Amino acid sequence: MEITAYQPCIDAEFESLIERIYPPRVCIDNETYQDCTLVKICNPKVDSANKQGILLEMVQVLTDLDLVISKSYISSDGGWFMEVFHVTDQLGSKLTDESLILYIQQALCENRRRGVSKELQTCLHREVRPPYASTDHTAMEITGTDRPGLLSEISAVLSKLECHVTAAVVWTHNNRVASIIYMEDGFQGGPITDPKRIAHVQEQLENVVEAHHGVGERRSVRLTAPAPGQKTHTGRRLHQLMYASMDHEPCQGCNGGGLAHRNNCTQIHVSIESCKEKGYSVVNVRSRDRPKLLFDTLCALTDMQYVVFHAAVSSKGTMADQEYFIRQQDGCTLDTESERHKLTQCLIAAIERRASHGVKLDICTHNRMGLLSNVTRSFRENGLSISRAEIGTDGDRAVGSFLVTDASGYEANPQAIEEVKKEIGGSVVVVNKSPGRTASVGSISRTSSGSIDEDKPRFSLGSLFWSQLERLSSNFSSIRS
């Protein structure tokens, strides 16, 4: 006889009623500390069935506002879920803008229901992620084996088929690639709605992606028409696509023994222990600090169906420490070595995916049909390979960032970079970042003295297009293992 865990069925209207009776409370505290703002969140009456993902939702609100999280404490006992975040803006200052504070309070309270009012977003004087579904573009997801020139080949096919790319984001990791591309009809604008044309575009792209695949390797191409009322977060979706493509399988952290080695090593350390008296598995992660580190780690835990009951996150210098007390969604701990090994691999993969690798080029140029094809062809013809890309459009401007290496994955030739800058035109800024620099956007990072790293940029062209890119994200369901 098969015995399955009891999973309560909670009516959506009843759940909404409970939230209205016991709404989350958000306190913005600028008095306790001189160097940061405390964001305190208390969610009463949260049952275990709904606890999974709440922490990620809250962190997502803060990171989408490009806030720096230097410390965080999370605790949930009984029906309560409490979170405390130490945050600053990108310049290391407290949050004093009243419209921003009001937005955070409303977003954290309303995030799980109807979202923030348009009036408040307008008052904030900027686009704010997460986005809502767009009915103006067709979305395309691609996963497969990475190779030099792949993005160039994909964008060339789209240009030939009169598909105008309005935004795109590409991640590569462990020889795998995941991308989300938003496009419109190059003939008449708007989303591509003709089923025959969608099928033809998908078929042509599948030919490109499958050209160099080995037997049994995972790959997929999917075009999706917008679905009003549904939304997703681009970063969340890319993590799901990478996880589904098994990019975590080759991952290995540092196995060096001893506390002294762990404290001095800059590689990723993951340890998973059992807290039997409390019924938790305790996960400790130590790694280099970088933008969106906390968000990326929580994406891995959420995608693997783990619930965070308690957590403590902090950073010192260029390193960050994260500790999580977790259980599986059915209440069980990680009892087998295979479970612990897979979680270790997935946490390492989530941290590595967004890590900087290569020379970063920030681009701002005139928006035109076939622009992505022209830019990526210039990279390919000059022997450069794209390890990560983010590009979007804002009216008649196209803005984006590319991380590039040579075709073998080593440092890019400066002469090739200069040639690309000439061919692309517009504004191209080379941003060389060392691996150990302190993070600047939405990360859990500050210098050991408490000040923000002076070498980090105060402004990035990449921030300009993210509001446009994220505004287009829509209509993707989660992938479960």
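The model shown is predicted, which means the values in this text are computed figures rather than measured ones.
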Walk me through it: do His357 and Tyr410 pass the test ring pair (Phe, Tyr, Trp, His ring centres under 6.0 Å)? CA-CA 9 Å; His357 179 53; Tyr410 297 107; 8.9 Å; no

Side chain to side chain contact (heavy atoms under 4.5 Å, CB included) assessment of Tyr324 paired with Ile74: CA-CA 9 Å; Tyr324 299 94; Ile74 297 97; 5.8 Å; no

Do Cys36 and Val87 pass the side chain to side chain contact (heavy atoms under 4.5 Å, CB included) test, and can you show the C-alpha distance, the side-chain angles, and the key distance before you say yes or no? CA-CA 6 Å; Cys36 69; Val87 303; over 6 Å; no

May I have the step-by-step check of side-chain hydrogen bond (donor to acceptor under 3.5 Å, both in side chains) for Thr37 and Asn30, ending in yes or no? CA-CA 5 Å; Thr37 297; Asn30 271 318; 2.4 Å; yes

Starting from the C-alpha separation in whole Å, work towards a yes-or-no answer on salt bridge (Lys or Arg N to Asp or Glu O under 4.0 Å) for Glu352 and Arg288. CA-CA 10 Å; Glu352 290 180 343; Arg288 284 188 179 275; over 6 Å; no

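Judged by distance alone, the side chain of Thr166 and the main-chain N or O of Tyr182 form a donor-acceptor pair under 3.5 Å. A donor-acceptor pair is defined here as one N or O able to donate and one able to accept, closer than 3.5 Å; such a pair exists between the side chain of Ser387 and the backbone of Leu403. The main-chain N or O of Asp146 is never found under 3.5 Å from a side-chain atom of Arg176 such that the two would form a donor-acceptor pair. Of the possible donor and acceptor atoms, none in the side chain of Ser72 sits under 3.5 Å from a partner among the backbone N and O of Val313. Side-chain atoms of Gln305 do not come within 3.5 Å of backbone N or O of Gln329 as any donor-acceptor pair. In this structure, Gln328 contributes its side chain and Thr333 its backbone to a donor-acceptor pair below 3.5 Å. Side-chain atoms of Glu339 come within 3.5 Å of backbone atoms of Thr336 as a donor-acceptor pair (strictly under, hydrogens ignored).
Ala350 and Arg290 get closest at one heavy-atom pair: O-NH2, 3.4 Å. Across all non-hydrogen atoms, the minimal contact from Glu390 to Val169 is CG-CG2, 3.7 Å. Annotation for Gly144 and Val209: closest pair CA-CG1, 4.5 Å, computed over non-hydrogen atoms. In terms of heavy atoms, Asp362 sits closest to Lys360 at OD1-CE, 3.2 Å. Nearest heavy atom pair, residue Val68 against residue Asp89, reads CG2-O, 3.8 Å. Residues His173 and Cys251 approach most closely at CE1-SG, 3.7 Å, considering heavy atoms.
Under a 4.0 Å N-O distance rule, the pair Arg286/Glu323 does not qualify as a salt bridge. One finds no salt bridge joining Asp35 and Lys94 here, because no Lys/Arg side-chain nitrogen approaches an Asp/Glu carboxylate oxygen to under 4.0 Å. A salt bridge links Arg353 with Asp247; the closest basic N to acidic carboxylate O contact falls under 4.0 Å.
Proximity of Val170 to Ile391: side-chain heavy atoms (C-beta onward) are nowhere separated by under 4.5 Å. Residues Leu294 and Gln322 meet the side-chain proximity criterion, which asks for heavy atoms closer than 4.5 Å. Two residues are said to be in side-chain contact when any heavy atoms from C-beta on lie closer than 4.5 Å; Val177 and Ile142 fail this criterion. Taking the side chain as every heavy atom from C-beta outward, Thr302 and Arg236 approach each other to under 4.5 Å. Residues Val308 and Ile326 form a side-chain contact, since some pair of their non-hydrogen atoms from C-beta on lies under 4.5 Å apart. Leu108 has its side chain within reach of Met58: a pair of non-hydrogen atoms, C-beta onward, lies under 4.5 Å apart. Under the 4.5 Å side-chain criterion, counting only non-hydrogen atoms from C-beta, Val201 is not in contact with Thr138. Looking at Ile181 and Leu158, their side chains come closer than 4.5 Å, going by heavy atoms from C-beta outward.
Annotation: Gln267, atom CD; neighbour count of heavy atoms from other residues, nucleotides and ligands within 6.0 Å does not exceed 12.
The aromatic rings of His233 and Phe295 sit tilted relative to each other, their planes meeting at an angle between 30° and 60°. A tilted orientation is assigned to the rings of His86 and Tyr33, their planes being inclined by 30° to 60°. Taking the six-membered ring where tryptophan is involved, the planes of Phe309 and Tyr280 are tilted, since the angle between them lies from 30° to 60°.
Distance OG1/Thr88 to CD1/Ile69: 9.5 Å, rounded to 0.5 Å.
Considering only residues two or more places apart in sequence or on other chains, His248 meets the ring pair (Phe, Tyr, Trp, His ring centres under 6.0 Å) condition with Tyr243.
Put simply, the residue from Leu347, Val283, Leu56 that forms a side chain to side chain contact (heavy atoms under 4.5 Å, CB included) with Thr297 is Leu347.
Side-chain contact check for Asp303 and His239: no donor-acceptor pair (N or O, by modelled atom type) lies under 3.5 Å.
Residue pairs meeting the salt bridge (Lys or Arg N to Asp or Glu O under 4.0 Å) criterion with at least one member in residues 268-278, sequence neighbours excluded, do not occur.
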